[in-house]
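Working notes for the structure below.
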There are 2 protein chains.
Amino acid sequence: MKHSDTKTQILDVAQDLIQRRGVNGMSFKDISETIGIRRASIHHHFETKEKLLEALMTRYSQEYGSAIEDIVASSASAKNKLTRYMKLFLKTAEADPPEKACMCGMLAAEIASIGEQAARLVVDYSESSVQQIARILDQGKKNGEFQFNGDINVMARMIFSFLEGGLIFVRANGQKQQFKAMTKQVFKLIEA
Amino acid sequence: MKHSDTKTQILDVAQDLIQRRGVNGMSFKDISETIGIRRASIHHHFETKEKLLEALMTRYSQEYGSAIEDIVASSASAKNKLTRYMKLFLKTAEADPPEKACMCGMLAAEIASIGEQAARLVVDYSESSVQQIARILDQGKKNGEFQFNGDINVMARMIFSFLEGGLIFVRANGQKQQFKAMTKQVFKLIEA
DNA sequence: GTCTATAGCGCGATAGAC
DNA sequence: GTCTATCGCGCTATAGAC
C-alpha cells in the first residue's frame, strides 16, 4: 500500500480545511503543519494560493462531476438517482468528525476572495450540478414518478441551493439529523 | 439631519464587507479606510474583532427579528406574510451594487472563525427564523391557503436553507433573476 | 523535492499624546 | 474620541543551498 504523494496530500488537507473554515481561514501554514513539511515546499507544488485553489476545484469538478454523471446516466429510477445524488451531500453532513460543509458552497460564499479562474470553476460546477438535477427531475416527471408545479430548472436550482445552504446551517447548529429530514421532505413535495 | 455616529458607521461598513467578502475577508483596515478614521479608533468603539462581530449580530437580530415579528404578527394572509418575508432576502439579492449575500449566512459559513458568543447569536437567529417561517406555514395550512405533505418545521428549515444558499449562489453566478424565480416556485409547491 | 532564510506586507491589538 | 507609533505575529511568496 503506497502513501499518497505530497501533491495529493496538499490537495486533501487544503480541501478539508476549506470545508471546515473557508478559503480565508485556510493557510499554507496550516497545510504545512498538518502534513509535516515546510511552507516553501507547498509553493514548489503550487506556485500561488490562487493556483492551489484552481487545482483543487478542477480535481473536485472531475471527481464529483463524474460521480454525478454516473448516477444520472444509470438506468435507475429518478427517485433512486435523486436519492443517490443527495447522499453525496449527506455523506458530508454526517462526516466524522463533522463540521464540514460542501467545498463548492464554501468557495461560493467567499467568491470575492478567490481568483477569476477558480471563481469560474465554482460557477461552472454548480451550474452543471443544477443541470444534472434538472435531468433527473425531467426523467421523473416524464415517467410519472414525480409530479409538481413549476419549471424543472428552477426547481433543480432550488434543490441545489437548499442542499448547499442546508449543509452550512446544520454544521453551524450541530443538528445533522435535520439535514436528512430535509432530503426526505424533497420527495414529499415532488412525488406523484 | 444628523450624520450617523462613528459606532454606527463602523457597524454599517463591517456588515457590508461581511456580506460581500465574509468575516475573514473583512479587516479593521478595510473599515478604517472606508470611513476615514484610524484603526485605533475602531478599537476604541469595539475592543476586539470578536466583540465587533457580537455587536453586529446583536443589532442584526434585533432589526431583522422585529421586522420578521411584525410580518408574522400581522393580520395578513399566510401567502402575503411569506411573500413579505422572502422579500427581505430579495432586497439583498437585488441590492445595488449587488454582490451581497445574507450576513447570517456568511457568518454561518465561517462559523469556525468567529467567537463562541457570536456563533451562538448566529445559531439563535437562524433557528428563530425557521420557527417564524413555520408559524406562517402553519397558519396557511390551517386556513386552507397552503397544502403540502410532510412536517411543517422541516419544510420551514428547507425554505430557510434554500434562501440562504440561493443568495450565495446567485451572487456567485450573477443571475439574480433566478433568485426571484425560486421564491415564486415556493408557492407553486405549497399552495392549495 | 525539501530545506533555511528572508522579504514585505497585513493583521489585531495596545500605549500614550492631544 | 481620535490620533501616532509600535509590537508581535501571520501571511504569501521568493532566492538559493542541499
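Computed from a predicted model, the values in this text were never measured in an experiment. The sequence lines fix the lettering, A, B, ..., with proteins before strands; numbering per chain opens at 1.
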### Query
First and last nucleotide of DNA chain C touching chain A, 5' to 3', heavy-atom cut-off 4.0 Å?
C:dG1 to C:dT4
### Message
Filter on salt bridge (charged side-chain N to carboxylate O under 4.0 Å, His left out), then keep only pairs touching residues 122-149 of chain B, sequence neighbours left out; what's left?
### Response
B:Glu127-B:Arg157, B:Asp138-B:Lys142
### Message
Do the side chains of A:Arg59 and A:Asp12 get close enough for a salt bridge, i.e. N-O under 4.0 angstrom?
### Response
yes
### Query
So which pairs with a foot in residues 92-105 of chain A pass side chain to side chain donor-acceptor pair (under 3.5 Å), sequence neighbours left out?
A:Asp16-A:Lys100
### Message
I'd like to check the ring pair (Phe, Tyr, Trp, His ring centres under 6.0 Å) partners of A:Phe89; sequence neighbours left out, ordered by chain and number.
### Response
A:Tyr85
#### Entry: Note, A:Phe179 side chain near A:Leu90 side chain (heavy atom, < 4.5 Å)
yes
### Flag, side chain of A:Glu110 to backbone of A:Asn24, donor-acceptor distance under 3.5 Å
yes
#### Entry: Other residues, nucleotides, ligands: >12 heavy atoms within 6.0 Å of A:Gln147 CD
no
#### Entry: Axis-to-axis angle between the two ends of the helix from C:dG1-D:dC18 to C:dC18-D:dG1 (five base pairs per end, rounded to 10 degrees)
0°
## Note on the structure
Heavy-atom contacts, protein to nucleotides 7-15 of chain D, under 4.0 Å, summarised as B (base), S (sugar-phosphate only) or - (none) per nt, yield ---SBBBBB
### Task
Identify the heavy atoms of B:Ser32 and B:Ile42 that sit nearest to each other, and give their distance.
N-CD1, 3.7 Å
### Message
Under a 3.5 Å distance rule, please check whether B:Lys176 uses its side chain to pair with a backbone N or O of B:Ala93 as donor and acceptor.
### Response
no
#### Entry: Row check, B:Phe28 ring normal vs B:Lys49 NZ/CZ: under 6.0 Å, within 45°
no
